[in-house]
Colleague: 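Next up is a structure, given as structure tokens.
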Amino acid sequence: MMDEKYFAKKTEDKWQRLWEENKTFEVEFDETKPKFFALEMLPYPSGFLHMGHVRNYSIGDALAWYKRLKGFNVLHPIGWDSFGQPAEQAAIKRGVNPRDWTEDNIVAMKSQLKKLGLSYDWRREMAAHRPDYYKFDQWFFLKMYEKGLAYKKATQVNWCETCQTTLSNEQASGGICWRCSNPTTKKEIEQWFLRITDYADQLLDDMQEIEAGWAEKVLKRQRDWIGRSNGAFVEFKIQDSTFKIKVFTTRIDTIYGVNAIVVAAEHPFIEANSDKLSSEVLSKIDEIKFEKTKAVDREVEIEKDGIDTGFKAVNPFSGEEVPIWVANYVLIEYGTGAVMSVPAHDERDFEFAKKFGLPIRQVISEPNLAHEHHTMQALALSDAFTDYGVMVHSDDWNGKTSEVAKVEMAEYAKKHGFGETAITYRLRDWGISRQRFWGSPIPVVYCNSCGAVAEKYENLPVELPKDMVTEGTGTSPLDNDSTFVNTNCPKCGEPAKRETDTMDTFVDSCWYYFRYCDNKNSEMPFSPEVAAYWTPVDQYIGGDEHAVMHLIYTRFWTKVMRDLGLVNFNEPVKRLLTQGMVVGETFFSDETGKRIYHAPKSVKVERDAKGKLLGVKSADGKPLKYAVEKMSKSKGNGIDPDEMVDIYGADASRMFVLFAAPAENELVWNESGIEGTLRFLQRIWRFVWKWQSAIGSRQSAVGSEEFSADARKLRRKTHQTIQRIDESLDSLQFNTPVAALMELSNAIHDFRVEPETAAKSDVYAIREAIESLILMLAPFAPHTAEDLFASLVGNENGILANGGKFPIYNAELAKADEIEIPVQINGRLRSKVIAEPEADNKTLEALALADEKVMEWTNGKEIVKIIVVPKRLVNIVVKD
RNA sequence: GCUUGGGUGGCGGAAUAGGUAGACGCACAGGACUUAAAAUCCUGUAUUCUUCGGAGUGUGCGGGUUCGAUUCCCGCCCCAAGCACCA
């Protein structure tokens, strides 16, 4: 029997228990059913949930419920991205084992997730730090090693002194460590790489398969990240030297305008010729290098700087001699580390030439000015002309367009052996070596006679030592564990040493969701047959901070898996929803600027009679400043989901998170709104309490019996709502369906019929409305929906166990008996008339003209024109 | 600077194959019930004027197209996020 009042905790405890007992959300591979894979980005087990998680999982859970009600076999799993630095740092700081720390955190967070009542199939849980999972990180590594996709090379890497680790280019973007925000430096080290650049073109080209389901901003960032550009290499000979300098250019058509060759300070030409350079030049080069290693303040643009080396290069097209400069604006990492400077047609070169007084010669002209440029020696340019145009001052090429010349000049260069067309990328190979303990060991052994040897598959996993190994400085912690390091060569059996670097944690998240399909498999990462049913992911949900790293790596990994024959598609994720951040309100003291008040409830908010915010004061009456910031523990503006669930219940909390803003928008947390969703749940509860016995005792079918006008109106609202919510959920809108549910609840409330006196048809209409409402409530407030459904149908097993389905929309019932047609005079609303929904234009026109208010406006005026839009409006155009 | 989003009441947000702007919720105000409070219920709430019937103004700003523009076009302003010497 249901309680008269809604007790969230009681209801939620009950259904969380029942779901577990009944294995409600456990799903199996079943080819007879259509599948749906709903996936949220897996959490790092920090130990506590934050509101970003709650939002992420509420969205995913709503979708999973919706798809279940629509008859899909829904795979909705969760796992743990449990390798990585926080565990290691916590271990160092507190002297605990990172494994224990991680496992404890998982236990804590799992109970928080369960309190939210999320509909996961918990049997499929995975955790990256457990050997049964990372065994297959290693398996994949070996496969890639065999295929030449994993390789080791000595390289300058980004190094963070504070974190004592290497960082990928992405993680050290802008010379700043992504984790600790301190400046990074460079260090020469032997590192393992994955050849993601082999897949650069596919990563770009396959985007067309997913562009319908991914936000453009994400694809754009990936495109920029890969940074493919089509151009050419050109070699410049050096006067009095056998050395040549190769440059990359996308504008070979501008080559007659070259005024200098400019190289990066780190370019090998400098190293090779350092003995011939003056001390002035060498010290300038050192200065440039030094400036680069300093912390880069991104707000300030670095001024261009450089020096003439005194060497001369020869332009292979014109034969002209140009000076060779070293400058700080040329990047060693991109292209060849050397550029041809064409100030007339490149903004950077223009700025540089202006500063150092180098000649500027225009060789591309706007088509209509080409003749003028031919006859005149030079036109003063105030800016670089970077558009395509017509060639001038370019010998035999004069008069050709840039587009034509680009192709022909590259061919010419190739024919004469000093160049060729080329494509360059910003994307670098992915360095996966980390000098850390808490990661998946790279399964390679170094043998004195055999060199680097792959570990055998049967020896996987290469397990981490049980105890935390003490931190070394600058070397891998595992170096200090002799039992781990010392092994035998898998090839010759002689004593050998293990690789002690571990893998970047982004490796773990590349393929974790495939593991959900088949997480008990000990032979393979997953069975290709089972994965073929569940994957690709139908809907992925997560923050857009993963737009480049995780989402590019996992797309790459999928393509590798495809080439290994594990999957038969190119793209792992059909649709991606990038949810907005949850931000908190923070209050500052006006006097000191310090953050002093955290919980919004501990401040006094002053408003005027209309509710407009006048100011915020502390409990003791001092004025406070207000700001919106990313929620975090340290800022004290975070909301503890546990606390929220205790006060309002999981259902009201989850529902509010979905209702408060569209999923992609930033959500400024404001607690007062939750009470609205709680009130809504209580109201539905009251409906069911009030009507359950009437519905139960008189639930006979209604046949030809006439429905009252009000009952027809309610049924209309019910069916309109069904259609609306179905469409919204299908297009991943979660805020508007909640509003629609509230509207339906308002309609039920306005249906003023009492159970004792209700006609059979009224009970039928009420039952239809309430039952539909409850079924459509399930994605948002599953516990409450389950309980109400059980009470209503008198079956304690709830919606899914009773085969509950999303209600069926009936277009006939949704149609109105009569509709209100606005009537405009000269485009301004003046009156409304009531008409049959099917009324034709003539009828509507006549109705409008006969309307009293309309006649007041048309009286004595000439009617110029009447526009009738069927079912929508009538507009009468009049003239005085 | 470039790119991508976005500017609608006191607040979060609805509504665009061009057709009643402000759904739904919050907040606020008044009322009913109550000894009182909470809960619940009723009413109001863009804005100005009003003879209380209505009338004018209003979706960042300025133009345009149209019977009609939050929606389409042109030119601006502002905000947010991302990228940033990629040759």
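All chains are named by letter (A, B, ...) in the order of the sequence lines, taking the proteins before the strands, and each is independently numbered beginning at 1. None of the values given here were measured: they were computed from a predicted structure.
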Colleague: Nearest to the side chain of Thr249(A) - U4(B), U20(B), A87(B)?
Modeller: A87(B)
Colleague: Taking the C1' atom in each of A23(B) and U35(B), what is the distance between them to the nearest angstrom?
Modeller: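 So the two C1' atoms sit 41 Å from each other.
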Colleague: When you get a sec, tell me which of C67(B), A27(B), C85(B) is the closest nucleotide to the side chain of Ile867(A)?
Modeller: C67(B)
Colleague: Let's test this: given Watson-Crick or G-U wobble pairing with both distances under 3.5 Å, identify the partner of A23(B).
Modeller: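 Its partner is none (no Watson-Crick or G-U wobble pair with both distances under 3.5 Å).
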Colleague: With a 3.5 Å limit on both atom pairs, tell me what U34(B) is paired to, counting Watson-Crick and G-U wobble, or say none.
Modeller: none
Colleague: Which of these nucleotides, G12(B), C26(B), A87(B), is closest to any side-chain atom of Ser672(A)?
Modeller: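 From the listed options, C26(B) comes nearest.
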Colleague: Quick one: which of G25(B), A27(B), U4(B) gets closest to the side chain of Lys217(A)?
Modeller: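 Nearest to the side chain of Lys217(A) among the choices is U4(B).
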Colleague: Quick one: do the Tyr329(A) and Asp305(A) side chains pair a donor with an acceptor below 3.5 Å?
Modeller: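 Result is no, nothing qualifies.
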Colleague: Of all the choices, A87(B), A84(B), G12(B), which nucleotide is nearest to the side chain of Thr250(A) once you look at every atom?
Modeller: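 It is A87(B).
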Colleague: For atom C1', what is the distance between U70(B) and A14(B), given to the nearest Å?
Modeller: 12 Å
Colleague: Would you indicate which nucleotide in G54(B), C42(B), G19(B) comes nearest to any side-chain atom of Lys853(A)?
Modeller: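 Ranking G54(B), C42(B), G19(B) by closest atom to the Lys853(A) side chain puts G54(B) first.
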Colleague: Tell me the partner of U70(B), counting only Watson-Crick (N1-N3 plus N6-O4 or O6-N4) or G-U wobble (N1-O2 and O6-N3) with both under 3.5 Å; none if nothing fits.
Modeller: none
Colleague: Counting distance alone, no hydrogens or angles: does the base of C83(B) have a donor or acceptor under 3.5 Å from a partner atom on the side chain of Lys220(A)?
Modeller: no
Colleague: Please test Lys690(A) against Glu754(A) for salt bridge (Lys or Arg N to Asp or Glu O under 4.0 Å), starting from the C-alpha separation and ending with a verdict.
Modeller: CA-CA 9 Å; Lys690(A) 178 174 169 183; Glu754(A) 294 305 311; 3.6 Å; yes
Colleague: What's the gap between A32(B) and A37(B) when it is taken at their C1' atoms, as a whole Å value?
Modeller: 15 Å
Colleague: Where the side chain of Arg679(A) is concerned, which of A87(B), C42(B), C26(B) is the nearest nucleotide?
Modeller: C26(B)
Colleague: What distance, rounded to whole Å, do you find between the two P atoms, one in C72(B) and one in A15(B)?
Modeller: 15 Å
Colleague: Calculate the interatomic distance between Tyr334(A) atom OH and C85(B) atom P; express it in whole Å.
Modeller: 12 Å
Colleague: Tell which nucleotide pairs with G82(B), taking only Watson-Crick or G-U wobble pairs whose two distances are both under 3.5 angstrom.
Modeller: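 Result: C2(B).
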Colleague: Nearest-Å distance, CG (Asn875(A)) to C1' (G19(B))?
Modeller: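 Checked: the CG to C1' distance equals 9 Å.
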Colleague: Rounded to the nearest 0.5 Å, what separates atom CD1 in Ile226(A) from atom CZ in Arg426(A)?
Modeller: 10.5 Å
Colleague: Is Val339(A) touching bases, backbone alone, or none of the nucleic acid, heavy atoms closer than 4.0 Å?
Modeller: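 Base: the residue Val339(A), judged by heavy atoms under 4.0 Å, touches a nucleobase.
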Colleague: Give the rounded distance in Å between these two atoms: NZ of Lys865(A) and P of G68(B).
Modeller: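 It is 9 Å, rounded to the nearest whole Å.
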Colleague: Kindly confirm or rule out a cation-pi arrangement of Lys304(A) over Phe352(A), judged by NZ or CZ under 6.0 Å from the six-membered ring centre and within 45° of its axis?
Modeller: no
Colleague: For RNA chain B, which residues in residues 735-743 of chain A have a heavy atom at a distance below 4.0 Å?
Modeller: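 Here the set is Asn735(A), Thr736(A), Ala739(A), Met742(A), Glu743(A).
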Colleague: Of the options A15(B), G19(B), C41(B), whose atoms approach the side-chain atoms of Gln733(A) most closely?
Modeller: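 Nearest listed nucleotide: A15(B).
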Colleague: Reading RNA chain B from 5' onward, which residue's closest nucleotide shows up sooner: Pro662(A) or Arg830(A)?
Modeller: Pro662(A)
Colleague: Counting the atoms with a prime plus P, OP1 and OP2 as sugar-phosphate, which does Glu820(A) contact under 4.0 Å by heavy atoms, base, sugar-phosphate, or nothing?
Modeller: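 If one applies the 4.0 Å heavy-atom cut-off, Glu820(A) turns out to touch a base.
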Colleague: Looking at G44(B), which nucleotide sits across from it as a Watson-Crick or G-U wobble partner, both distances under 3.5 angstrom, or is there none?
Modeller: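 Check on G44(B): paired to C28(B), both distances under 3.5 Å.
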Colleague: Of the candidate nucleotides G13(B), C42(B), C67(B), which contains the atom at the shortest distance from the side chain of Arg752(A)?
Modeller: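 Selected nucleotide (nearest to the side chain): C42(B).
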Colleague: Report the distance from atom CG of Leu331(A) to atom P of C85(B), rounded to the nearest whole Å.
Modeller: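 Rounded to the whole Å, the gap is 6 Å.
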Colleague: Measure CG/Leu678(A) against P/A38(B) and give the value in whole Å, please.
Modeller: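 Checked: the CG to P distance equals 17 Å.
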Colleague: With nearest nucleotides of RNA chain B determined for Trp857(A) and Lys5(A) from heavy-atom distances, which residue corresponds to the more 5′ nucleotide?
Modeller: Lys5(A)
Colleague: Taking the six-membered ring for Trp and the full ring for Phe, Tyr or His, determine whether the centres of Phe418(A) and Phe317(A) are under 6.0 Å apart.
Modeller: yes
Colleague: Considering only atom C1', compute the distance from G1(B) to G56(B) and round it to an integer number of Å.
Modeller: 45 Å
Colleague: With no hydrogens and no angle check, do the side chains of Thr197(A) and Tyr425(A) hold a donor and an acceptor under 3.5 Å apart?
Modeller: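 Absent: no donor and acceptor within the cut-off.
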Colleague: For nucleotides G19(B) and G54(B), find the distance between their P atoms and express it as a whole number of Å.
Modeller: 26 Å
Colleague: In whole angstrom, give me the gap between the P atoms of U48(B) and C11(B).
Modeller: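 Looking at atom P only, U48(B) and C11(B) are 15 Å apart.
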Colleague: Which part of the nucleic acid does His749(A) contact within heavy-atom distance under 4.0 Å: base, sugar-phosphate only, or nothing?
Modeller: sugar-phosphate
